[in-house]
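Because only heavy atoms are used, hydrogens play no part in the values below, and waters and symmetry mates are left out as well, while side chains stay in. For this chain, numbers begin at 1 and follow the sequence in order. Just so you know, these numbers come straight off a predicted model, no measurement behind them.
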Amino acid sequence: MEFRTQVELPAGGPQLSPRSRCLWIGSCFAEHIGCRLPRLQTPQDIPSVIVNPFGVLYNPESIRLGIDTLLESAFDEKYLFRGKDDLWHSWLHNGEFSAEEKKECLSRILSRLLPAARLLRQAEVLFVTFGTSRIYELGAGGFVVGNCHREPATAFTERNLSVEEIVRTWLPLLRRLHQFNPSLQVVFTVSPYRYAKYGMHGSQLSKATLLLSADRLVCAGGKEGLPVSHYFPAYEIVLDELRDYRFFGPDMLHPSETAVDYVWERFRDWTFTSEMRQCAEEWLRLENALRHRPLHPGSKSAHEFHLRTEKLARDFHIRWDITV
């Protein structure tokens, strides 16, 4: 007897191998999944996986502006400003790029932007995670910001994107991506995080807009001048298949670690080759070892652990390094 309905995964998704190159951009859910993928160096010394080179972006328009910037391989300084906190910020980036000096802020931006732009040119898959249809337009600049950086609400116009707006702006972007990298595939997902500040009904309406938009874009994918596109049902897996508050964090809005683990397993089943499974398992062991911090760093046991971890890292890169 079955006590749940399992979400069916779409057929024909991209197949990831240890040598696959992919870029993740969008909401924090992109980070939850993308950061679990093994990272190997390409011959150009670029990581095979890059996640959120602008930091977390939530709405389709900010994500589109970010990808446009990657396609240009240049950052327009019109997005830089000095905030009320006396720090330099970027309207396209989150707070991790902010700095006391403009030059330092720009340096942080370019250190992530340029490798991501190079990776996008050779990537096999671009993963895009929409979080919300709610946008904040900067009154003075007339563009949609990726982060408000706690600037006064009066500086922005707040509204929801429509399905028509999202599709109308994303179709030309998909054409540009296909011209830029003809072998690129695009995978759309919708974050299962619920926006209580909009009200539960408002949050559901926002998600419905994103789901309809993603469906329209996927249906358009593979046609002349557009990349082959797919949809991975992360939203449906959490909200329909798991369907229980025990799979959410203490705020009852964010998926719990258990839910993320489960979505990761479904994603792995959908897109990993057998070789990639083995590589990912070895990468996880290596990551756990590298994150370990001994209680007594100067002890003999800590030194022996350090040597074992170094050997684990060497063996991993010898086995899987795509530059060989």
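Not a single donor-acceptor pair under 3.5 Å links the side chain of Arg268 to the backbone N or O of Met276. Side-chain atoms of Trp270 come within 3.5 Å of backbone N or O of Pro10 as a donor-acceptor pair. Between the Thr209 side chain and the Val163 main chain, no donor and acceptor come within less than 3.5 Å of each other. Remark: the backbone N or O of Ser90 is paired with a side-chain donor or acceptor of His149 at under 3.5 angstrom. Between the side chain of Asn59 and the backbone N or O of Ser62, at least one donor-acceptor pair lies under 3.5 Å. Between the side chain of Ser107 and the main chain of Lys103, no donor-acceptor pair closer than 3.5 Å is present. For Ser203 (side chain) and Gly199 (main-chain N/O), no donor-acceptor pair under 3.5 Å exists by modelled atom type.
Here Tyr79 and Phe143 bring their ring centres to under 6.0 angstrom of each other. The ring of Tyr245 has its center no closer than 6.0 angstrom to the ring center of Phe247. Aromatic ring centroids of Phe156 and Trp91 lie under 6.0 Å apart.
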Step-by-step side chain to side chain contact (heavy atoms under 4.5 Å, CB included) determination, Leu126 to Val187:
CA-CA 6 Å; Leu126 171 65; Val187 174; over 6 Å; no
Phe232 vs Val263, side chain to side chain contact (heavy atoms under 4.5 Å, CB included): CA-CA, chis, key distance, verdict
CA-CA 10 Å; Phe232 177 72; Val263 174; 3.9 Å; yes
Take Leu80 and Lys102, measure what side chain to side chain contact (heavy atoms under 4.5 Å, CB included) needs, and give me the verdict at the end.
CA-CA 8 Å; Leu80 292 179; Lys102 179 180 179 180; 3.9 Å; yes
The test is salt bridge (Lys or Arg N to Asp or Glu O under 4.0 Å); show your working for Glu100 and Arg82 and say whether it passes.
CA-CA 9 Å; Glu100 293 183 3; Arg82 186 187 289 274; over 6 Å; no
Run the numbers on Lys207 and Val190 for side chain to side chain contact (heavy atoms under 4.5 Å, CB included), then give the verdict.
CA-CA 7 Å; Lys207 298 296 183 183; Val190 173; 4.0 Å; yes
Might you work through the side chain to side chain donor-acceptor pair (under 3.5 Å) test for Thr273 and Ser17, ending with a clear yes or no?
CA-CA 6 Å; Thr273 62; Ser17 75; 5.5 Å; no
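A salt bridge links Arg159 to Glu165: at least one charged side-chain nitrogen sits closer than 4.0 Å to a carboxylate oxygen. Contact check on Arg243 versus Glu236 returns no salt bridge, with no Lys/Arg side-chain nitrogen under 4.0 Å from an Asp/Glu carboxylate oxygen. Remark: Arg134 engages Glu158 in a salt bridge, criterion side-chain N to carboxylate O under 4.0 Å. At a threshold of 4.0 Å, the pair Glu96-Arg108 does not count as salt-bridged, since none of the basic side-chain nitrogens sits closer than that to a carboxylate oxygen.
Tested against Phe188 for a ring-ring contact (aromatic ring centres under 6.0 Å, His included), the candidates Tyr235, Phe130, Tyr231 yield a single pass: Phe130. Screening Arg64, Arg216, Arg175 for a side chain to side chain contact (heavy atoms under 4.5 Å, CB included) with Trp170, the sole residue that qualifies is Arg64.
Both the sub-6.0 Å distance and the 45° axial angle are satisfied by Arg194 relative to the ring of Phe248. For Arg121 and Phe180, the positive end sits near the middle of the six-membered ring, less than 6.0 Å away and at most 45° from its axis.
A heavy-atom distance below 4.5 Å is found between the side chains of Pro227 and His178. In this structure the side chain of Arg112 never reaches within 4.5 angstrom of the side chain of Phe54, judged on heavy atoms.
Here the closest non-hydrogen pair linking Pro60 and Leu161 is CD-CD1, 4.0 Å. Minimum interatomic distance between Gly12 and His230 (heavy atoms only, all atoms of both residues): O-CE1, 3.1 Å. Of all the heavy atoms in Thr69 and Ala74, the pair that sits closest is CG2-O, 3.2 Å. Closest approach of Pro192 and Pro255 over heavy atoms only: CG-CG, 3.6 Å. Taking every heavy atom of both residues into account, Leu57 and Gly146 meet most closely at CD2-CA, 4.0 Å. Residues Leu9 and Pro233 come closest through the heavy atom pair CD2-CG, 3.9 Å.
By the neighbour-count criterion of 12 heavy atoms within 6.0 Å, atom CD of Gln6 is densely surrounded, having more than that number from other residues, nucleotides or ligands. Summarising the local packing, CZ of Arg277 is surrounded by more than 12 heavy atoms from other residues, nucleotides or ligands at distances under 6.0 Å. Gln15 CD: more than 12 foreign heavy atoms inside a 6.0 Å radius.
Relative orientation of the Phe75 and His93 rings is perpendicular, given thresholds of 30° and 60° on the angle between their planes. Between Tyr193 and His254, the ring planes lie tilted relative to each other; the angle falls in the 30° to 60° range.
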Solution key, residues 23-38 side-chain donor-acceptor pairs under 3.5 Å, sequence neighbours excluded:
unit_1 : atom_1 : unit_2 : atom_2 : d
Ser27  : OG     : Phe29  : N      : 3.2
Glu31  : OE2    : Asn52  : ND2    : 3.3
Arg36  : NE     : His32  : O      : 3.2
Arg36  : NH1    : Asp261 : OD1    : 2.8
Arg36  : NH2    : Glu257 : OE2    : 2.9
Arg36  : NH2    : Asp261 : OD1    : 2.8

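Every residue was checked against the salt bridge (Lys or Arg N to Asp or Glu O under 4.0 Å) condition with Asp251, not counting sequence neighbours, and none meets it.
Residues Ser183 and Asn181 bring a donor and an acceptor atom of their side chains to less than 3.5 Å of each other. The closest side-chain donor-acceptor pair between Thr129 and Thr189 falls under 3.5 angstrom.
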